[in-house]
Amino acid sequence: MFELFKAKAEAVSAEVHRFPTSTGALDFITETLRKEGVADAPSSWAVWCEGPLRREAERARLPDRVPGLHFEVTRDRAAGSKVGISEFDWAIADTGTLAQDATRPDKRLVSTLTETHLAVVRTGSLLPDFASLLARVDPSRMRYLACVTGPSRTADIERVLTIGVHGPRRLVVVAIDEEGRVDA
Amino acid sequence: MTTQFRQGIAQALENPNLAGALGRFSEAYVVSRAKAYEGIDFEALRDQIVAAKGYGSTHLEELAEQFTERATAAGAQVFRTSDPREVRDYIGRLCREKGVRRVVKSKSMATEEIHLNQALQAQGIRVKETDLGEWIIQLCGQKPSHMVMPAIHMTKEQVAEIFSKEVNERLAADIPRLVQVARRELREEFLQADMGISGANVAVAETGTLVILTNEGNARLVTTLPRIHVAVVGLEKLVAKFSEIAPIVKALPRSATSQLLTSYVSLITGPSPGPDGAQKELHIVLLDNQRSAMAKDPKFVQGLRCIRCASCLNVCPVFRLVGGHVFGDVYTGGIGAILTAWFDALKSSKDIQALCIQCGNCTQVCPSRIDIPEMIVELRKRIARDEGQPLIQKGIYKVVNNRRLFHSLLRAASKAQKPFARDGMIRHLPLFLSGLAEFRSLPAVADEPFRDRVRRIAQPTGLKEKAVFYAGCLIDFAYPEMGEALVKVLNRAGIEVVFPDEQTCCGAPARYGGAYDVAAQNAADNVRALRVAGADIVVSACPTCTVALKIEFPETLRGGGKPELAAEAEALSAKVVDFSSLVSRLVDQGRLTLRPGESLPSVTYHDSCHLKRTLHVHQEPRELLRKAGHEVKEMFEADMCCGMGGSYSMKFPEISRPILERKLANIRKTGAASVAMDCPGCVMQIRGGLDKGKDPIPVKHLVELIADRLA
């Protein structure tokens, strides 16, 4: 199912990376933030909203090693960030989609206002299709269910596909086999 | 038809950007759509959508109540009204009460329908469309030309010019750069807006959930950043169950843009906290505006199943020529003509709906299985009822309704045309009729109609089976040789052909023009004429006539005030068969053998609209051609209309012509030695077009090719 997910996500210009453990994923994220030129200056920040992997990043004192990486997500911080990191609850194989309970606004801020979106998801959360996602969620407990498939795109001028209109230009999926630790 | 409308058509046809963009898109669309639906059972998906939307459209009141209750329980404020003005007032008042100065919008057709932007702007509010296409349209003060791609009619140069003016900076016509300008300019608008206005693609009654699909990500910003979110939702978006989102989300992106899924899908149930942590306000406006009335009309309720994917526009031979500025209003294309008639007024769609050529291409792709051509005919019927037929048309119908007069006029025409006819073709007509023969030669009316010639055909005696031949006007009066060929083929299979003299026009032209009384008179005359003892087969070599006899007569008779003959029409219908299906059956039964040729020239086959899409016959003629020894070379868009459309080519020669030219180009590209088809109307159009272009490719009715290859 993961191979299908990867193929479908890549077909819509997402980048997909898979790691057996959180440690490997954290190293990759650290490296990606460096390559993106994240720095402690407006429009070069990175924001990471709440989630299990972030708690591990907190323990690993990642912000000490990556200047400009912030765990406190406000509107202005997100608007001044180059990279946003968020953790998703599900992945959908047949469309290459990520889905999350985004009732908390910070989850959306990091993935709407930034140029690069790092989306963390556990491979164990893979679902076959959209219908199985609907069967799993309870809308009465979820004010905002957000599904993301590839980066922001448009074809409104002469039908030429152009990536990155109002949302991120780059979507990097960080898939982890290890379960997110509840106590983390 | 208004002069303004006619001028609009002319302008659209002369606009190379429009025709180029729409033409290229429609050709690419067929391929990319098919790819997006790979591995999916489209009919099964349609069943699911028809079930969900069908239930929704017939339970609007109940679902609206349930939605209101659930969404309110989730913390939203729901306002429901039938009056567009009340929507404008409600949002206007909300803006005043909450101190809203700036509004950002994501795409919403419902707000366009009620002209919300103008109302808010009149109140001094800054309103910005944020969908790239909509923003372009807003900046230049135009109207969207396509429901999914509002600015498809514009070039990057035009967009660069518009943006340059907006940002006071000379911008090059570089698309990625232009998109970045939009990102930069609109980002500020998102951040400063007090209110975000969106539409919704689905509204779920059992949960009070709104579903919004976008690619650009603007809807996520519109629904996240401003402190107030207003969603304007047409009642037809309602479905009963949360699980029913799935089939719609599966079909909408595939049909609209050939994507498996849009970049973003958001499911919103009640207000969520805003970026500052404070609870946002969510207002949902349920807009009726005639939708309830439409739901009560058995002929039009199906129109409420529309999910606005616009696939009907993308496959429409007329839309791809003239675009949505001519063919439509807020909602465009054939479905637009229907929605305009309801949401605006019947008379507003009078000119627009006339553009439908009734080819039925849209019925093949609509994910909600909506029959647009059928509703268009119903519109015509009602417009004719309200306003009467134009005088000339009325005169024609009067003639057609009187078989003796009609037929004697056709005979007279065969004499009158003499100065213009050569080799059975009319290539020029006197000035006032010249538009008709300008782009295609017309067939001359035969010196001697089939009804006279048939008397001289010596059919073998002692044939055990009898078939009634319904010729239709074109074969009877223009192409009697096709009738003779048919007699020859059936005789060889041991069938005697009976031609009842009292048969007359099948009534299709009147029916498609909305003149049901005329069509019903034709139907009645034919039902009586075709009563032939001992004949179990009624065969026609014209698909349009076949559809009239086989499918439409009972309904035409009921709708046209002659219900007493409907039962007999149904009995007749069971006997009616098109030529290809009949011959294919005879060959399968071993009653007819075709003599395969050693090296017969290759043939390309043109699918006629009624044969392919109403009678679902398309394999049979190809198989017969192969059995007769021809190589069949498929042409691109083989089942696209040739532009004839009966009287359509007389009413809109300027549209019929470019449709024909595209067909001729596709025929030539195959390199086939000849082109075959099953419809004498298509023969008239295509043969006429090739003749005018002095192209030697022979155009044949299948019956002629089969008659040549009998063993």
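Below, chain A is the first sequence line, B the second, and so on; all start at residue 1.
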Visitor: For A:Asp156 and B:Glu216, work out which heavy atoms get closest and say how close.
Guide: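 Residues A:Asp156 and B:Glu216, closest heavy atoms: OD2-OE2, 3.2 Å.
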
Visitor: Whether the A:Asp177 and A:Thr123 side chains hold a donor-acceptor pair (N or O, under 3.5 Å, no angle test) is what I'd like checked.
Guide: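 Side-chain D/A pair, A:Asp177 to A:Thr123: present.
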
Visitor: Tell me, side chain or backbone of B:Leu191 under 4.5 Å from chain A's heavy atoms, or both, or neither?
Guide: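 Both the backbone and the side chain of B:Leu191 come within 4.5 Å of chain A.
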
Visitor: Would you say the side-chain atoms of B:Thr224 and A:Arg108 include a donor-acceptor pair closer than 3.5 Å?
Guide: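 Per modelled atom types, B:Thr224 and A:Arg108 side chains form a pair under 3.5 Å.
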
Visitor: Identify which part of B:Val265 has an atom lying under 4.5 Å from any heavy atom of chain A, answering side chain, backbone, both or neither.
Guide: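 For B:Val265, the contact with chain A is made by backbone and side chain together.
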
Visitor: Between B:Thr155 and chain A, with a heavy-atom cut-off of 4.5 Å, which part of the residue counts as in contact: side chain, backbone, both or neither?
Guide: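 Interface part for B:Thr155: both.
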
Visitor: If I measure from the heavy atoms of chain A, does B:Arg184 come under 4.5 Å with its side chain, its backbone, both, or neither?
Guide: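 Contact with chain A involves no heavy atom of B:Arg184 at all.
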
Visitor: May I ask you to check whether A:Phe2 and A:His17 place their ring centers less than 6.0 Å from one another?
Guide: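 A:Phe2 vs A:His17: aromatic centres not under 6.0 Å.
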
Visitor: For a side chain to side chain donor-acceptor pair (under 3.5 Å) check, start with the C-alpha distance between B:Glu188 and B:Gln192, then their side-chain angles and the critical distance, and finish with the verdict.
Guide: CA-CA 6 Å; B:Glu188 233 10 68; B:Gln192 294 196 23; 3.0 Å; yes

Visitor: Between A:Thr74 and chain B, which part of the residue has a heavy atom less than 4.5 Å away: side chain, backbone, both or neither?
Guide: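 For A:Thr74, there is no contact with chain B at all, as no heavy atom is under 4.5 Å.
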
Visitor: What residue, out of A:Ala14, A:Ser111, A:Ser140, has the most heavy-atom pairs lying under 4.5 Å from chain B?
Guide: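 Max contact count across the listed options: A:Ser111.
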
Visitor: If I measure from the heavy atoms of chain A, does B:Gln180 come under 4.5 Å with its side chain, its backbone, both, or neither?
Guide: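 Answer is side chain: those atoms of B:Gln180 sit under 4.5 Å from chain A.
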
Visitor: Less than 4.5 Å to any heavy atom of chain B: does that hold for the side chain of A:Val148, its backbone, both, or neither?
Guide: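 Both backbone and side chain.
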
Visitor: If I measure from the heavy atoms of chain A, does B:Arg220 come under 4.5 Å with its side chain, its backbone, both, or neither?
Guide: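 Looking at B:Arg220, backbone and side chain both touch chain A.
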
Visitor: Given the options A:Ile163, A:Val160, A:Thr154, which has more heavy-atom pairs under 4.5 Å with chain B than any of the others?
Guide: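 Result: the option with the highest number of such pairs is A:Thr154.
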
Visitor: Pairing donors with acceptors under 3.5 angstrom, does anything connect the side chains of B:Arg70 and B:Thr269?
Guide: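 Result is no, nothing qualifies.
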
Visitor: Which answer fits A:Leu113, side chain, backbone, both or neither, if we ask what part of it has an atom under 4.5 Å from a heavy atom of chain B?
Guide: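 Answer is both: backbone and side chain atoms of A:Leu113 are under 4.5 Å from chain B.
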
Visitor: Given that the side chain runs from C-beta out, which part of B:Pro271 has a heavy atom under 4.5 Å from chain A: side chain, backbone, both or neither?
Guide: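 Contact with chain A is through both the backbone and side chain of B:Pro271.
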
Visitor: Between chain A and each of B:Arg183, B:Glu134, B:His153, count heavy-atom pairs under 4.5 Å; write down the option with the most.
Guide: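 Top option by heavy-atom pairs under 4.5 Å: B:Arg183.
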
Visitor: Hey, is A:Glu15 close enough to A:Arg170 for a salt bridge, meaning N to O under 4.0 Å?
Guide: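 A salt bridge links A:Glu15 with A:Arg170.
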
Visitor: Go through the atoms of B:Ala151 and report whether side chain, backbone, both or neither lie under 4.5 Å from a heavy atom of chain A.
Guide: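 For B:Ala151, backbone and side chain are both near chain A.
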
Visitor: Are A:Arg153 and B:Ser263 linked by a side-chain donor-acceptor pair shorter than 3.5 Å?
Guide: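 A donor-acceptor contact under 3.5 Å links the two side chains.
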
Visitor: Using heavy-atom distances under 4.5 Å, tell me whether B:Thr209 contacts chain A through its side chain, its backbone, both, or neither.
Guide: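 The side chain, not the backbone.
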
Visitor: Is A:Val73 close to chain B through its backbone or its side chain, or both, or neither, when contacts mean heavy atoms under 4.5 Å?
Guide: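 Contact with chain B involves no heavy atom of A:Val73 at all.
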
Visitor: With a 4.5 angstrom heavy-atom cut-off, is it the side chain or the backbone of A:Thr103 that approaches chain B, or both, or neither?
Guide: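 Both backbone and side chain of A:Thr103 come within 4.5 Å of chain B.
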
Visitor: With a 4.5 angstrom heavy-atom cut-off, which part of B:Leu132 approaches chain A: side chain, backbone, both or neither?
Guide: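 Contact with chain A is through both the backbone and side chain of B:Leu132.
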
Visitor: Tell me whether the count of non-hydrogen atoms from other residues, nucleotides or ligands lying under 6.0 Å of CZ in A:Arg65 goes above 12.
Guide: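 Above 12, so yes.
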
Visitor: Of all of B:His146, B:Lys250, B:Met149, B:Lys156, which one pairs up most often with chain A through heavy atoms under 4.5 Å apart?
Guide: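 Counting heavy-atom pairs under 4.5 Å, the top option is B:Lys156.
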
Visitor: Quiz question: by atom type and distance under 3.5 Å, do the side chains of B:Ser255 and B:Tyr37 form a donor-acceptor pair?
Guide: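 On atom types as modelled, these side chains qualify, holding a pair under 3.5 Å.
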
Visitor: Hey, which of B:Gly217, B:Pro253, B:Pro273 has the most heavy atom pairs under 4.5 Å with chain A?
Guide: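 If we count pairs closer than 4.5 Å to chain A, B:Pro273 comes out on top.
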
Visitor: Against chain B, label A:Asp94 side chain, backbone, both or neither, depending on which of its atoms sit under 4.5 Å from a heavy atom there.
Guide: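 Backbone of A:Asp94 only, per the 4.5 Å heavy-atom cut-off to chain B.
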
Visitor: Under 6.0 Å from the six-membered ring centre of B:Phe25 and within 45° of its axis: does the NZ or CZ of B:Arg320 meet both?
Guide: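 Judged by the rule, B:Arg320 and B:Phe25 form no cation-pi pair.
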
Visitor: Counting only non-hydrogen atoms closer than 4.5 Å, does A:Pro168 touch chain B with its backbone (N, CA, C, O), its side chain (CB onward), both, or neither?
Guide: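 For A:Pro168, backbone and side chain are both near chain B.
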
Visitor: Among B:Leu221, B:Asp131, B:Asp276, which residue forms the greatest number of heavy-atom pairs with chain A at distances under 4.5 Å?
Guide: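 Looking at each of B:Leu221, B:Asp131, B:Asp276 in turn, B:Leu221 comes out on top.
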
Visitor: Under a 4.5 Å heavy-atom cut-off, does chain A meet the side chain of B:Thr223, its backbone, both or neither?
Guide: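 Answer is both: backbone and side chain atoms of B:Thr223 are under 4.5 Å from chain A.
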
Visitor: Does any backbone or side-chain atom of A:Ala135 lie under 4.5 Å from a heavy atom of chain B? Answer side chain, backbone, both or neither.
Guide: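 Neither; nothing under 4.5 Å.
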
Visitor: Could you check whether B:Thr257 and B:Gln259, counting side-chain N and O atoms only, form a donor-acceptor pair closer than 3.5 Å?
Guide: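 Yes.
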
Visitor: Check whether B:Leu225 gets within reach of chain A through its side chain, its backbone, both or neither, counting any heavy atom under 4.5 Å.
Guide: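 Side chain only.
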
Visitor: Can a side-chain donor-acceptor contact be found between A:Ser132 and A:Asp129 if the only test is distance below 3.5 angstrom?
Guide: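 Distance-only check passes for A:Asp129 and A:Ser132.
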
Visitor: On the 0 to 90° scale, with breaks at 30° and 60°, tag the A:Trp48-A:Phe71 ring pair as parallel, tilted or perpendicular.
Guide: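 Perpendicular: the ring planes of A:Trp48 and A:Phe71 meet at over 60°.
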
Visitor: Please tell me whether A:Phe130 and A:Trp90 form a close aromatic pair, meaning their ring centres lie under 6.0 Å apart.
Guide: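 No, ring centres 6.0 Å or more apart.
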
